[in-house]
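Shown next, in structure tokens, is the structure this report addresses.
A quick note: this is a predicted structure, and the numbers were derived from the prediction, not measured.
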Amino acid sequence: MTEAFGDLLRRLRERAGRSQTEQAEELCRLMGDPLNSVTRSEVSRYERGGRVPRPRMVRLYAQSFGVPEGELLRAAAVARTARSASTVRAGAPNVDADPEDPLRRREFMGAAALGVGLAAEPWSRLAYALERRGPADAQVSAAMTERTTALFAAEERMPARELYRGLAEHLDELTVLLGAGGCHRRDLLVTAGETAALAGWLAFDMGDMTTAQHYYAAAAHAGREADHEPLLALVLAYGSYAVDEPTGARSMLRAAQQHVRQPGCATARAWVSAREAEESAAIGDREGALRALERAQAVFDYADPDSEQPWVRFFSRARLDSMTVATYARLDHPDIAEVSEAALQALRPEDAKVRAVILGDVALSYVQRGEVDRGSEIARQALDVTMRSEATLGRHRLAAVAQQLPAQGEGGQLRDELRALLG
């Protein structure tokens with residue numbers, strides 16, 4: 001039955017005139033996911049019967065083919081039941097995976113490394129573990145979740161390189177536990193996906209976009225496998241920072257909004273809305289930016305981060321204030337000075353990364369208004385905090401300041417200094 005469902009997906013794809021690669025791209029487009037986290041190999045596994053897609057993925061398939069989703073969902077449910085009742089040995093790896101696919105080669109490399117104790121990329125080991133079934137107890141699962149929560153909170157204070165070492169070890173522990181998750185497998189799967197998403201953010205923070213993309217893909221894979229929508233929102237929102245064109249970033253954020261509409265996601269919804277406000281302001285959509293910002297602030301007032309997803313702990317009032325400053329700066333809002341001063345005064349000493357971003361946004365606002373001397377003074381403060389805290393978003397803000405500074409005088413000297421330091 002599983003094979004029959006895979007054959008059905010293949011026939012529908014061929015009827016649509018798409019290759020497996022094109023089908024993967026179409027699914028990503030419908031998800032609003034330019035990170036292309038659905039790969040050709042994943043489409044291939046579905047068609048070969050190596051895996052039955054989750055209900056949300058089945059709905060996307062139905063949408064891509066223009067067929068009633070109810071019929072496809074019923075066929076998938078039958079295939080999933082047949083697969084669960086089969087005599088296939090639990091935990092067996094997918095031996096018929098395409099060896100020519102680069103991601104699958106990495107997964108097999110990760111599997112071999114686990115067997116002989118050699119090193120392999122953490123995202124590869126996680127990808128391999130996602131294919132396995134296996135029991136960890138509730139106490140272990142809760143401890144892993146608590147550790148992930150602490151890592152997200154630490155991201156606000158620690159440089160990415162310092163935090164990454166401990167995070168990679170934590171992800172390795174989760175990868176091993178996934179193989180023996182038992183009834184706690186889904187919780188461990190979500191925790192592993194959240195950790196992988198944070199690893200992707202740290203890789204981006206360190207300027208390694210290739211590694212970041214691998215981690216984001218693994219996190220999205222975990223989100224789909226666990227049918228956990230907030231995790232998909234996390235991947236999209238993190239990934240939006242790497243999109244140079246603000247219209248594309250806003251599209252990702254609007255797609256992320258669809259994954260955090262259920263109860264218990266207020267903090268996540270506030271963060272995604274605030275990100276949307278920033279990108280709307282960058283586009284010049286003043287009304288859209290202020291509306292998104294108002295929504296973020298209203299939702300945050302009723303949020304309860306301690307009872308929601310572990311990863312929302314990073315989204316503090318200070319972070320929301322900094323995003324408000326960023327939105328106001330891009331809109332040249334008349335209240336920018338008042339809002340930024342209040343935001344800076346509310347910061348704690350450990351909020352250095354947030355301080356770097358706020359100062360960078362304020363500096364950019366002054367420079368754009370033509371107040372180059374004042375803007376340059378604040379930009380130097382931002383530079384000092386950015387270099388000490390290794391704040392990547394602070395670097396991004398200063399790069400934007402450098403683009404706006406004039407070529408002559410004090411502004412030109414600072415522009416050259418910023419370009420030399422920021423690379």
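Few gaps surround CD on E22; more than 12 heavy atoms of other groups in view lie less than 6.0 Å from it. For E287, the CD atom is loosely surrounded, since the number of other residues' heavy atoms within 6.0 Å does not exceed 12. Heavy-atom contacts from other residues, nucleotides or ligands closer than 6.0 Å to CZ of R317 number more than 12.
Of all the heavy atoms in E278 and A326, the pair that sits closest is OE2-CB, 3.4 Å. Considering all non-hydrogen atoms of both residues, G248 and V243 come closest at C-CG1, 4.1 Å. Nearest heavy-atom pair across V58 and A76 is CG2-CB, 3.8 Å.
Each of R13, R18, R40 was evaluated against E47; a single residue qualifies, R13, per the salt bridge (charged side-chain N to carboxylate O under 4.0 Å, His left out) test.
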* Kindly indicate, with the supporting measurements, whether the criterion side chain to side chain donor-acceptor pair (under 3.5 Å) is fulfilled by R56 and H259. => CA-CA 11 Å; R56 183 175 179 278; H259 296 298; 3.2 Å; yes
* To do: Take M158 and E350 through the test side chain to side chain contact (heavy atoms under 4.5 Å, CB included) and record every step on the way to the result.
  => CA-CA 9 Å; M158 295 175 62; E350 58 266 32; over 6 Å; no
* T191 and T148: side chain to side chain donor-acceptor pair (under 3.5 Å), yes or no, with the steps? -> CA-CA 7 Å; T191 301; T148 297; 5.2 Å; no
* To do: Given side chain to side chain donor-acceptor pair (under 3.5 Å), test E308 with T267 step by step and report yes or no.
  => CA-CA 8 Å; E308 298 174 16; T267 308; 2.7 Å; yes
* To do: Report the C-alpha separation of R419 and D416 in whole Å, then their side-chain angles, then the decisive distance to 0.1 Å, and conclude whether the salt bridge (charged side-chain N to carboxylate O under 4.0 Å, His left out) test is met.
  => CA-CA 5 Å; R419 289 178 174 175; D416 293 342; 5.0 Å; no
* Asked: Do E14 and R11 pass the salt bridge (charged side-chain N to carboxylate O under 4.0 Å, His left out) test, and can you show the C-alpha distance, the side-chain angles, and the key distance before you say yes or no?
  -> CA-CA 5 Å; E14 291 174 346; R11 289 196 298 272; over 6 Å; no
* To do: Evaluate the criterion salt bridge (charged side-chain N to carboxylate O under 4.0 Å, His left out) for residue pair R319 and D351; output intermediate values, then yes/no.
  => CA-CA 9 Å; R319 180 65 71 94; D351 294 328; over 6 Å; no
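Counting only heavy atoms from C-beta outward, the side chains of R313 and D306 approach each other to under 4.5 Å. Side-chain contact between V260 and E229: absent, with no pair of heavy atoms (C-beta onward) separated by less than 4.5 Å. Residues L253 and L236 have side chains not in contact (no heavy-atom distance under 4.5 Å, counting atoms from C-beta outward). Side-chain contact between T324 and Q297 is present, with heavy atoms from C-beta onward closer than 4.5 Å. Side-chain contact between Y61 and Q23 is present, with heavy atoms from C-beta onward closer than 4.5 Å. Side-chain contact between R330 and Q368 is absent, with no heavy-atom pair separated by less than 4.5 Å. Side chains of L72 and L8 form a contact here, defined as non-hydrogen atoms less than 4.5 Å apart. Contact annotation: the side chain of R45 approaches that of S41 to within less than 4.5 Å [non-hydrogen atoms, C-beta and beyond].
Between R295 and E276 there is a salt bridge, since a side-chain N of the basic residue sits under 4.0 Å from a carboxylate O of the acidic one. Residues E155 and K353 are paired through a salt bridge, judged by an N-O separation under 4.0 Å between the basic side chain and the carboxylate. Under the 4.0 Å criterion applied to side-chain N and carboxylate O atoms, D205 and R161 are not assigned as salt-bridge partners. Between R54 and D227 there is no salt bridge, since none of the side-chain N atoms of the basic residue sits less than 4.0 Å from a carboxylate O of the acidic one. Taking 4.0 Å as the cut-off between side-chain N and carboxylate O, E294 and R291 do not count as a salt-bridged pair. Contact check on D384 versus R380 returns no salt bridge, with no Lys/Arg side-chain nitrogen under 4.0 Å from an Asp/Glu carboxylate oxygen.
The distance from the CG atom of L9 to the CZ atom of F65 is 6.0 Å, given to the nearest 0.5 Å. With rounding to the nearest 0.5 Å, the separation of CZ in R286 from NE2 in H333 is 5.5 Å.
Note that R275 lies in the cation-pi zone of Y241, set by a 6.0 Å cut-off to the ring centre and a 45° limit from the axis.
A donor-acceptor pair is defined here as one N or O able to donate and one able to accept, closer than 3.5 Å; such a pair exists between the side chain of E245 and the backbone of T247.
Residues F300 and W271 keep their aromatic ring centres 6.0 Å or farther apart.
In this view, F204 and W201, H396 satisfy the ring pair (Phe, Tyr, Trp, His ring centres under 6.0 Å) rule, not counting sequence neighbours.
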